[in-house]
Amino acid sequence: MAPVPDVLADLEWRGLVAQSTDRGALAAHLAGGPVTLYCGFDPTADSLHVGNLVPLFALRRFQLAGHRPVALAGGATGFIGDPSGRTSERSLLDADTLARRIRTLSAQMRHFLAFGEGPTDAVLADNLDWTRDLRVIDFLRDVGKHFPVNVMLDRESVAARLDSGGLSFTEFSYQLLQSLDFVELYRRFGCRLQVGGNDQWGNITAGLDLLRRVESASAHALTFPLVTDASGQKIGKSTGGGNVWIDPAMTSPYALYQYLLHVDDRDVGTYLRLLTFLGRDDVEQLDVATAQRPRERVAQRALARELTALVHGPAELARVEAVSATLFGGGELSSLDEDTLAAALAEAPSTTVGTSDAPLVDLLAAGLGLSKSDARRAIREGGAYLNNVRITDGNASTSAADWLHDRFLVLRRGKRAIAVVERVPHDGAGSRAAPPE
RNA sequence: GGCGGGUUGCCCGAGUGGUCAAAGGGAGCAGACUGUAAAUCUGCCGGCUCAGCCUACGAAGGUUCGAACCCUUCACCCGCCA
């Protein structure tokens with residue numbers, strides 16, 4: 001990850017620029033020395049997900065190019081709810097949930113940006129800091145006065161909602177809060193560039209206007225495209241529809257790695273550009289590999305390696321690669337020695353049972369989180385496997401010979417979903433164990 | 001406040017007293033083909049002690065041998081009128 005001198009050109013090559021204010025002026029601003037820029041992150045969940053990494057990594061790209069990123073946690077804006085991209089009113093979060101989310105959000109952002117006191121060290125801010133004690137009258141006079149309602153109504157995010165049931169005054173006010181953030185960050189850090197997802201364009205330009213009015217300062221804006229994959233899903237949505245989270249307790253490193261390995265050929269180039277720090281030469285070589293030798297999936301492997309390492313670290317990556325090699329390597333599971341197997345399988349989703357043999361349907365249900373009906377169905381359809389061998393008898397139970405090294409059972413549904421069952425001689429049966437951190 | 005329309009399984013949506021676990025589409029799952037892709041074809045797609053049973057059609061009551069379908073009340077949504 002060598003520093004990139006011309007960030008703007010790099011971002012453009014990556015497909016990261018959807019809109020910007022005058023490109024020449026922005027380029028000149030960036031060329032004039034370390035620039036302070038910010039991107040806001042509202043606490044909409046208990047963890048960041050893969051899609052959130054696009055703007056976060058973009059901040060990192062600026063930092064690597066010698067600029068100072070400000071990661072702004074939306075302690076205030078998250079309390080209000082952004083109407084952008086929504087068709088209906090958000091339900092309000094309670095203060096405890098919000099505070100908890102802000103804490104985890106901050107911790108996760110800290111993992112990807114270098115924070116500190118130096119000129120290009122990142123800064124973490126929370127907009128609750130300057131809104132908590134703000135008085136309504138002051139807010140209405142100092143901020144509200146600068147917002148013509150007719151302009152506010154024209155903003156895409158508001159107009160869309162007026163056509164679909166309206167929105168509350170609370171959400172209507174969101175753009176004022178976000179604009180105030182820009183002004184505040186300008187005052188505190190001299191921040192004159194805001195970046196964000198393209199759905200933020202309206203909110204960002206509102207901030208530009210306010211900044212010009214109250215500080216007579218000119219500033220810049222740049223937005224990232226909201227990328228959807230070949231099937232129309234937002235980036236970072238698993239096929240089941242759920243988000244792929246950064247928190248290992250919510251999405252295991254193994255699941256993240258597997259998700260990335262399964263990325264569609266048509267999308268993998270985009271993902272490499274947005275979600276890794278690989279340089280242009282490397283990425284373009286991988287593009288060629290995908291076009292010429294798609295079955296090797298070199299690009300998917302590179303993507304999975306890079307991002308898993310960034311999110312969970314190299315040690316975790318090594319473990320996850322080992323499981324994948326063991327489970328999908330095509331070799332005989334029974335030929336692996338116990339230590340190799342134990343180490344590899346420790347990373348896979350696992351379930352612990354007592355010593356006695358049990359019906360396979362029950363084990364499938366418990367191990368893979370299926371209902372028993374689903375487990376029966378999987379066997380009936382020929383989609384269930386024990387130790388890589390198709391299960392044909394829906395009433396079968398395990399027998400002594402099935403336990404690898406007298407300890408493990410590898411269950412699989414279809415090509416992808418795998419669960420390890422380990423039996424533990426001593427304590428109770430049936431308790432589920434989360435994959436170790 | 002008045003009048004009218006609506007609320008169906010993950011989503012959209014048909015069904016207007018028995019043959020309804022509920023048409024059709026989407027999403028999802030499995031099999032075949034492959035590359036742990038995509039496309040295509042086939043099957044599946046509430047739960048369970050699975051040839052049967054249980055739970056379900058906004059909620060609660062009621063009518064009936066029998067209700068997603070009829071009646072009453074309540075909740076929420078959408079129109080139109082004040």
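By convention in this document, chain letters (A, B, ...) are assigned in the order of the sequence lines, proteins followed by strands, and residues within each chain are numbered from 1.
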Answer for the Watson-Crick or wobble partner of B:rG58, both distances under 3.5 Å, is B:rC74
Taking atom P of B:rU36 as reference, at what distance in whole Å does atom OH of A:Y254 sit?
13 Å
Just the rounded figure in Å: distance from P of B:rC29 to CG of A:L364.
17 Å
Contact summary for A:L310 and A:H111, nearest pair of heavy atoms:
O-NE2, 3.2 Å
Contact class for A:E296 vs. all strands (heavy atom < 4.0 Å): base, sugar-phosphate, or nothing?
nothing
Take atom CG of A:L327 and atom P of B:rU36, then tell me their distance rounded to the nearest Å.
14 Å
Determine, for A:R423 against A:D406, whether the closest basic-nitrogen to carboxylate-oxygen distance falls under 4.0 angstrom.
yes
Result for 5'-nearest mapping on RNA chain B, choosing between A:D362 and A:V263, is A:V263
Base, sugar-phosphate alone, or nothing: which one does A:D264 contact when heavy atoms must sit under 4.0 Å apart?
sugar-phosphate
Rounded to whole Å, the CZ-C1' distance (A:F328 to B:rG35) equals 13 Å
Do NZ/NE/NH1/NH2 and the carboxylate oxygens of A:R280 and A:E284 come within less than 4.0 Å?
yes
In this structure, how many angstroms lie between the C1' atom of B:rG47 and the CG atom of A:L370, rounded?
14 Å
Is there a Watson-Crick or G-U wobble partner for B:rA23 with both distances under 3.5 Å, and if so, which one is it?
none
Taking atom C1' in both B:rA68 and B:rG2, what distance in whole Å separates the two?
30 Å
Do any side-chain nitrogens or oxygens of A:K415 fall under 4.0 Å of OP1 or OP2 in B:rC29?
no
Considering only the C1' atoms, how many Å lie between B:rA39 and B:rG52, rounded to the nearest integer?
41 Å
Using OP1 and OP2 only, check whether a side-chain N or O of A:R390 sits under 4.0 Å from B:rA32.
yes
Which nucleotide wins on minimum distance to the side chain of A:Y385, given the candidates B:rU36, B:rU34, B:rG31?
B:rG31
Select one nucleotide: of B:rU36, B:rA37, B:rC48, the one nearest the side-chain heavy atoms of A:S324.
B:rU36
Mind checking side chain to side chain contact (heavy atoms under 4.5 Å, CB included) for A:Y385 and listing every partner two or more places apart, or none if nothing turns up?
A:R390, A:R412
Aromatic rings A:H49 and A:W245: how do their planes relate, parallel, tilted or perpendicular, breaks at 30° and 60°?
perpendicular
Parallel, tilted or perpendicular: which describes the rings of A:F62 and A:H67, with under 30° parallel and over 60° perpendicular?
perpendicular
Going by an N to O cut-off under 4.0 Å, is there a salt bridge joining A:D10 and A:R14?
yes
Could you work out the separation of B:rG26 and B:rG1 based on their P atoms and round it to a whole Å?
45 Å
How far, in whole Å, is B:rC57 from B:rG9 if one measures between their C1' atoms?
8 Å
Please determine if a side-chain N or O atom of A:R416 lies less than 4.0 Å away from the OP1 or OP2 oxygen of B:rA37.
yes
Mind checking the P distance from B:rA30 to B:rU49? Whole angstroms is fine.
22 Å
Between N or O atoms, less than 3.5 Å apart, protein on one side and nucleotides 8-10 of chain B on the other: list the pairs.
none

Heavy atoms under 4.0 Å, any strand shown: does A:S371 hit a base, just sugar-phosphate, or nothing?
sugar-phosphate
Answer for the Watson-Crick or wobble partner of B:rU42, both distances under 3.5 Å, is B:rA30
Expected output: side-chain A:Q300 to main-chain A:V263 donor-acceptor under 3.5 Å
yes
Using atom C1' in both nucleotides, what's the gap between B:rU19 and B:rC80 to the nearest angstrom?
41 Å
Find the partner of B:rU64: check Watson-Crick (N1-N3 plus N6-O4 or O6-N4) and G-U wobble (N1-O2, O6-N3) distances, both under 3.5 Å, and reply none if neither fits.
none
To the nearest Å, how far apart are A:K372 NZ and B:rC48 C1'?
8 Å
d(CD1, A:I418; P, B:rC29) in whole Å
16 Å
Between the protein and nucleotides 41-45 of chain B, are there any N/O to N/O pairs under 3.5 Å, and if so, what are the atom names and distances?
from	atom 1	to	atom 2	distance (Å)
B:rG43	N2	A:E381	OE2	3.1
B:rC44	O4'	A:E381	OE2	3.3
B:rC44	O2'	A:R377	NE	3.4
B:rC44	O2'	A:E381	OE2	3.4

Does the pair A:R141/A:D138 count as a salt bridge with the N-to-O cut at 4.0 Å?
no
Closest heavy-atom contact between A:P55 and A:F41?
CG-CE2, 3.9 Å
Minimal heavy-atom distance between A:I391 and A:L386, with the atoms involved, is CG1-N, 3.7 Å
Separation between the C1' atoms of B:rU36 and B:rG18, rounded to whole Å
49 Å
Which base, if any, makes a Watson-Crick or G-U wobble pair with B:rG79, both distances under 3.5 Å?
B:rC3
Sticking with atom C1', work out how far B:rC65 lies from B:rA75, rounded to a whole angstrom.
32 Å
Pairing check on B:rA51: which nucleotide meets the Watson-Crick or G-U wobble criteria with it, both distances under 3.5 Å?
none
Please report, rounded to the nearest Å, how far the P atom of B:rA30 is from the CZ atom of A:R412.
10 Å
Answer yes when A:E12 and A:R23 have at least one side-chain N-carboxylate O distance shorter than 4.0 Å, and no when they do not.
yes
